[in-house]
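Heads up, the thing below is written out as structure tokens.
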Amino acid sequence: MNIAKSHQVRKKYTIQLGENELVLKELDLLNEDANVYKLIGPVLVKQDLAEANANVRKRIEYISAELKRLDSSLQDLEEKQHSKREAILKVQQRIQSLQAGKAKA
């Protein structure tokens, strides 16, 4: 996976995390006997509040783990990119010094 695509995926997960944290806050405000519905396709299905809470918490846990994995992967990719950039710079400097040596000769 390249760096740009990783940043794009990370942004998507960050947005999803924010949305799920907002849903969790809203669920925490509800009374225990409140009706909670989950959208499954075109249908709203009644869901137990505790079950909805657990599902959202699991989703937040999963997204957070994916973000950590992506951050690690991004750091790895950026380090590789940096080392390649340094190697290219050294080769360019070597070529320039060789060309300067030829010009003097």
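Nothing here was measured: the structure is a model prediction, and the numbers come from that model.
- Under the side-chain contact (heavy atoms from CB on, under 4.5 Å) criterion, Val36 pairs with Leu27, Leu30, Leu49, Ala52, sequence neighbours left out.
- By the salt bridge (charged side-chain N to carboxylate O under 4.0 Å, His left out) test, Arg59 is found to be paired with no residue, residues two or more places apart in sequence or in another chain being considered.
- Expressed to the nearest 0.5 Å, how far NZ of Lys5 lies from CG of Leu70 amounts to 11.0 Å.
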Show me the donor-acceptor pairs, under 3.5 Å and distance only, between side chains in residues 60-68 and residues at least two apart or in other chains.
| unit_1 | atom_1 | unit_2 | atom_2 | d |
| --- | --- | --- | --- | --- |
| Ser64 | OG | Ile60 | O | 2.9 |
| Glu66 | OE1 | Arg69 | NE | 3.3 |
| Glu66 | OE1 | Arg69 | NH2 | 2.9 |

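- Checked against side chain to side chain donor-acceptor pair (under 3.5 Å), Glu86 has the following partners two or more places apart in sequence or in another chain: His82.
- Evaluation of the salt bridge (charged side-chain N to carboxylate O under 4.0 Å, His left out) rule for Asp76 yields no partner, not counting sequence neighbours.
- Surrounding CD of Glu51 are more than 12 heavy atoms belonging to other residues, nucleotides or ligands, all under 6.0 Å away.
- Ser6 and Leu77 get closest at one heavy-atom pair: OG-CD1, 3.8 Å.
- Here Leu89 pairs with Gln92, Gln93 under the side-chain contact (heavy atoms from CB on, under 4.5 Å) rule; sequence neighbours left out.
- Around atom CD of Glu79, more than 12 heavy atoms belonging to other residues, nucleotides or ligands sit under 6.0 Å away.
- Cluster partners of Val45 are Ile40, Val43, counting Ile, Leu, Val, Met, Phe, Trp and Tyr whose side-chain heavy atoms approach within less than 4.5 Å, directly or via other members.
- The side chain to side chain donor-acceptor pair (under 3.5 Å) test applied to Glu78 returns His7, not counting sequence neighbours.
- For residues 14-27, the set of pairs meeting the salt bridge (Lys or Arg N to Asp or Glu O under 4.0 Å) definition, not counting sequence neighbours, is empty.
- Cluster note: Ile95 groups with Val91 through ILVMFWY side-chain heavy atoms spaced under 4.5 Å, whether in direct contact or through intervening members.
- From Thr14, atom OG1 reaches atom CZ of Arg10 across 4.5 Å, with rounding to the nearest 0.5 Å.
- Pairs passing the side-chain hydrogen bond (donor to acceptor under 3.5 Å, both in side chains) check and including a residue from residues 27-44, sequence neighbours excluded, read Asn35-Lys46.
- Nearest approach of Ile3 to Leu74, heavy atoms of both residues: O-CD2, 3.9 Å.
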